[in-house]
Amino acid sequence: MFDKKCLRLGLCTMACAAVVSFLPGLYLFFQYGIIPTASEMGSIVSMLIASFLVGWIVQPLTFYPAMGVGASCLSWTTGNVADLRMPAISAGQKAAGIEAGTPEGNVISTMSAAVSNFVTVAVLTLVTFVGSGLISALPAAVTAAFSYITPAIFGAIIMDYAMKNVKYNLPLIIAGVVFFLLFKALGLSSVWITLFVVITGMFVSRIMFTYYKKKDSAKAP
């Protein structure tokens, strides 16, 4: 029932957000008569597809088991899912002692995503007014460390989930590293490497699940 209500409300709010996102362009058109040409629109769309197509496919498949319906609707509406929403969801579920993918976990993930959205708006508002001056005052060694934030967050999340079930997750991590090195040696770009590693990880997960299921069935009296 909770997921059904979240889905109905989420579809409505996401549809409203999609419509509202066109308002700045409509304002420029009606107020100043500015409209991009077909070639400019094609260039912009091509750039967006090249930059985000893999993410549009990979991230929902990767994050949905931990997020559930409610957090997915909230997170995909506001964005920054990998950098902001997932760390907040993971921390919320861990603090509550709730497993991801359970009904309770979906409630916690929805609450965590909502709080993350409010905090993001507050922080962005603050940074808009004082952030540029504050960042420029920081030492170069500190600002250079910002590039390691995303890898550090993902490393912590991966290890947190890996330790919950080592016998399933350790082969998955090993397979991910092996296939990453293999695809990199083949000269694939990082975008395609990410997609193929996720796909192979899904197959490896299915193989491990089937193997342990048969093994447990054989042990059963």
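Quick caveat, the model's predicted, so the values are computed rather than measured.
- Between Trp76 and Phe63 the shortest side-chain heavy-atom distance falls below 4.5 Å.
- In the displayed structure, Met111 atom CE is contacted under 6.0 Å by at most 12 heavy atoms of other residues, nucleotides or ligands.
- Linking ILVMFWY side-chain heavy atoms closer than 4.5 Å, directly or via other members, places Val204 and Tyr211 in a single hydrophobic cluster.
- Among pairs with a residue in residues 105-119, those fulfilling side chain to side chain donor-acceptor pair (under 3.5 Å) read Thr78-Asn117, Arg85-Ser116, Arg85-Asn117, at least two apart in sequence or across chains.
- Residues Phe29 and Ile34 form no side-chain contact, since every pair of their non-hydrogen atoms from C-beta on lies 4.5 Å or further apart.
- Following chains of ILVMFWY side-chain contacts shorter than 4.5 Å, one can reach Phe203 starting from Val197, so the two form part of one hydrophobic cluster.
- At least one side-chain heavy atom of Val81 sits under 4.5 Å from a side-chain heavy atom of Met67.
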For residues 68-75, tabulate all N or O donor-acceptor pairs below 3.5 Å that involve a side-chain atom, not counting sequence neighbours.
residue, atom, partner, partner atom, Å
Ser72, OG, Gly68, O, 2.5
Ser75, OG, Ala71, O, 2.7

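- A search for side-chain contact (heavy atoms from CB on, under 4.5 Å) contacts involving Leu23 returns Val20, Leu26, not counting sequence neighbours.
- Going from atom CG of Leu9 over to atom CE of Met14 covers 11.5 Å, rounded to the nearest 0.5 Å.
- Applying the salt bridge (Lys or Arg N to Asp or Glu O under 4.0 Å) rule to pairs touching residues 4-29 yields nothing, sequence neighbours excluded.
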Let me have the donor-acceptor pairs involving side chains of residues 88-100, under 3.5 Å, with sequence neighbours excluded, atom names and distances please.
residue, atom, partner, partner atom, Å
Gln93, OE1, Tyr161, OH, 3.4
Gln93, NE2, Ala66, O, 3.0
Gln93, NE2, Gly105, O, 3.2

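- Thr210 has its side chain within reach of Arg206: a pair of non-hydrogen atoms, C-beta onward, lies under 4.5 Å apart.
- Here Ile207 contributes atom CD1 and Tyr212 contributes atom OH; the two are 13.0 Å apart, rounded to the nearest 0.5 Å.
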In a table with atom names and distances, give each donor-acceptor pair under 3.5 Å that connects a side chain of residues 171-185 to protein atoms at least two apart or in another chain.
none

